[in-house]
Structures are given as structure tokens and as C-alpha cells.
Amino acid sequence: MRIAVIGGGPGGLYFAYLWKKRHPEDQVDLFEQNPADATWGFGVVFSDQALEFLRADDPETVDAIAPHMESWENITLNLGGDSVAIDGVGFSSIGRLELLQFLQQRALDVGVTPRFDTQIQAIDQLNGHDLIVAADGLNSLVRRAYEGDFGTSLSYSSNKFVWYGTSKRFDTLSQTFVKTDRGAFNAHHYRYSPNMSTFLVECDHATWQAYGFAYKDVEQSKGVCEEVFADTLGGHCLVSNKSVWRNFPWVWNEHWSFKNMVLIGDALHSAHFSIGSGTRLAIEDAIALVKALESDAHLSTALHRYQAARKPVVQKLVNAARTSAFWYEHFAQHMQLGLMDFAYSYITRSGRIDDSRLRAMSPAFMARYEAEKSSGDEAGEATA
């Protein structure tokens, strides 16, 4: 079989590597419009659960990546000068470029033919390929060419966000919420190497307008964010890499394949950054697609099998992501809560974690939270 993979992100590279490794007789051509060493992000984060899922299918890759990852067991929330740790929420991270370079090498080692600096401008350029895997991200050429056939829907979250890096090293995945005289900001920050961290800044549309960000250039916007989060950055600067304000795009497709074309990763669906699952979903899509293709010799049947097996799993995660994003669209209101109530609202925001699970997962946090609630209730009764 001759396969074309459009897109050299984690999903496309991983599919190409995995298929070629299992089917060395097949030809796998990978097309990426950017140079091999280009990336527009900073760090990539994986939950412990996501790494275990990958380990079950490909322990060799996880074992090779793991020594290059930064890991921690807690989430830290910072609000109004106070902090609280939520224990038992394990994550690991790695630089996006480092991950891409690792996957590029694995793809090369098994015989994938990568073509960087090569933009596919029309689908008919790929005539002669038996299968076209569209891993070309949010602006997917394949999806846009056949939106009606894929049943594409696209909408945007109302919040604005901008992605930076910083040389400030943070101990855990952290969230810092800051109120100013013109609105509220939130920063998602975590280290992804011994000397670099991701630093994503978010605010609602009203705050974005109040600061006039629409009329500020990249350096001016960065300067405002450095001022707002001066205490958090502790004298370190923000690093820009095409860092512009955006609204998060919600991409969904009812049909995951059309003719000999199939979508994976952000070309297929998007999941809000607040649950840190974009790269995870793309890699899991690649695994699911390989399994489906191996399960049936008839391409059309295999592609339908891929959708049938994978879609319910993705839908559940995307629904949780939407619920999480809705919480962030109102985070300024949540900031009016006390620290522990705010933290409880945060960790339960997606609807996937109830009190029972939270007690098992984060016993130290729940003990503190329930003790404070109990103390508050007793004080209320005494006053009454």
C-alpha cells in the first residue's frame, strides 16, 4: 500500500512511524510545509494516564521519551497572593520541538520518506496514493476541501489567549489568577525542560478590549503580560514565538473519512488546552487508525471501523473539554470565591471528577477542603 501523510506534527509523524514499522513493505510519504526544525509552540504536556495509554501500545517509544521529560505530581493554584496544591494529579512535559525531532528520527529509522518544506496545495497532487492521512492541523487542506462531506463544524471560544515561553522554572503545572483594575487574567504555566517553561496567558474579551490588545503589536502585548504577571515571573521575561492573541477554535467532524481520505488530530477535532489533550488525542488517533486498517483489508470498511471505535472516546473527552472551557470563560466570577472553594470549583470543572474520586486521587487536598468546610459550617451554626 502507498500512503500519503499530510502534516508533520506529532499525530502525522507517529502514524507514519507506527505504520511503516509494522508494514515495512509499504511506502509511506510524509509531507510537511514547514522546515524540520520549525515549531510554533513551546512545551507539550501529557497526563500520567495518557502516557500509560501510549505505553500499553508502544512501551519502547515511552521509555525512550521519558528520560527527556519533566514530571510532577501536583497542580498548584495561585489566587490573590495565596496558593493551594492539589495532590495526585501527575503530568509530564517535553519541548514540542524536542518531541517532533524525536518522532522524526523514529520515522526515518523505519524508512518513512519525509518531505519537509513541501506544501500540498491540491489533493490531486497525491494521485496514486491508496490512502491519504490528513494530519495537517486546524487549517487542514483536506478537511477544508471537503467540509460538506466530512460534516465539519467550526466555532470559537469567547476568551482570548496568547502562548509564550519563559526561562522561569516552575515546580509544578500551575495556574495563576490575577485581578487588575481593567479585568482579570489567568496564566497556565509549567516547565518543559530544565530551563524553560510554557506560559499561556488568557483573559475574557472585555479585559482584552479594556487593555487595547487589538491595537498592540507582539512586543507591546508581551510587555503588558510581563507587567501583569511580574510577581509570578520573578524577574524573568516572556519569550515570544509568533505569539499573537487568538480565540480557541472548536473543530468537529461528523464523518471522519471520505473516499480514501481520513482525518486525525486537530484536523479532525480540537480539545481545549485547559485539559492538555491535543497531542495525546492526535497520537491516540494514529494508534486507533493503525489498528482499524490492520483489522480489515477493505479500506472503506477499515475507515468506518476507525470512526466507530474511536469517536465515542473522543466525543467524551471533547465534551469534558467544552465544559472546562466554559469554566474558564467565567473564571473572573469564580475568583470571587475563597481559595479552597475556588480550587474545588477548578478541579471539578469538567464534570469528570466527583468527591469520591477526588478523595482517592487527591487525599491531602480533600482533607484540607473538607476540614475548612466543616469549620465554616460549625462557625455558621455557632453564630446562628
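In this chain, numbering begins with 1 at the start of the sequence shown.
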Separation between [atom1] of [X] and [atom2] of [Y], rounded to the nearest 0.5 Å:
| X | Y | atom1 | atom2 | answer |
| --- | --- | --- | --- | --- |
| S167 | F199 | OG | CZ | 11.5 Å |
| Y328 | H334 | OH | NE2 | 10.0 Å |
| L299 | H304 | CG | NE2 | 10.5 Å |
| C225 | W245 | SG | CH2 | 4.5 Å |
| F170 | T198 | CZ | OG1 | 10.0 Å |
| M335 | F331 | CE | CZ | 6.5 Å |

side-chain contact (heavy atoms from CB on, under 4.5 Å) involving E25 - partner list, sequence neighbours excluded: H23
Pair [X], [Y]: side-chain N/O donor-acceptor within cut-off below 3.5 Å:
| X | Y | result |
| --- | --- | --- |
| T172 | T76 | yes |
| Y306 | D296 | no |
| D266 | S270 | no |
| S362 | Y369 | no |
| H188 | S274 | no |

Shared hydrophobic cluster, V239 / V244 (ILVMFWY, side-chain heavy atoms < 4.5 Å): no
From E254, H255, H269, residue fulfilling side-chain hydrogen bond (donor to acceptor under 3.5 Å, both in side chains) relative to K311: E254
Side-chain donor or acceptor of N247 paired with backbone N/O of S157 under 3.5 Å: yes
Audit row: D341, K373, salt bridge (charged side-chain N to carboxylate O under 4.0 Å, His left out) steps and yes/no: CA-CA 9 Å; D341 284 334; K373 294 295 288 183; 3.6 Å; yes
Pairs under 3.5 angstrom only: tabulate donor-acceptor contacts from the side chains of residues 89-100 to other protein residues two or more places apart or in another chain.
{"unit_1": "S92", "atom_1": "OG", "unit_2": "S71", "atom_2": "OG", "d": "2.8"}
{"unit_1": "S93", "atom_1": "OG", "unit_2": "R191", "atom_2": "O", "d": "2.5"}
{"unit_1": "R96", "atom_1": "NE", "unit_2": "T39", "atom_2": "OG1", "d": "3.1"}

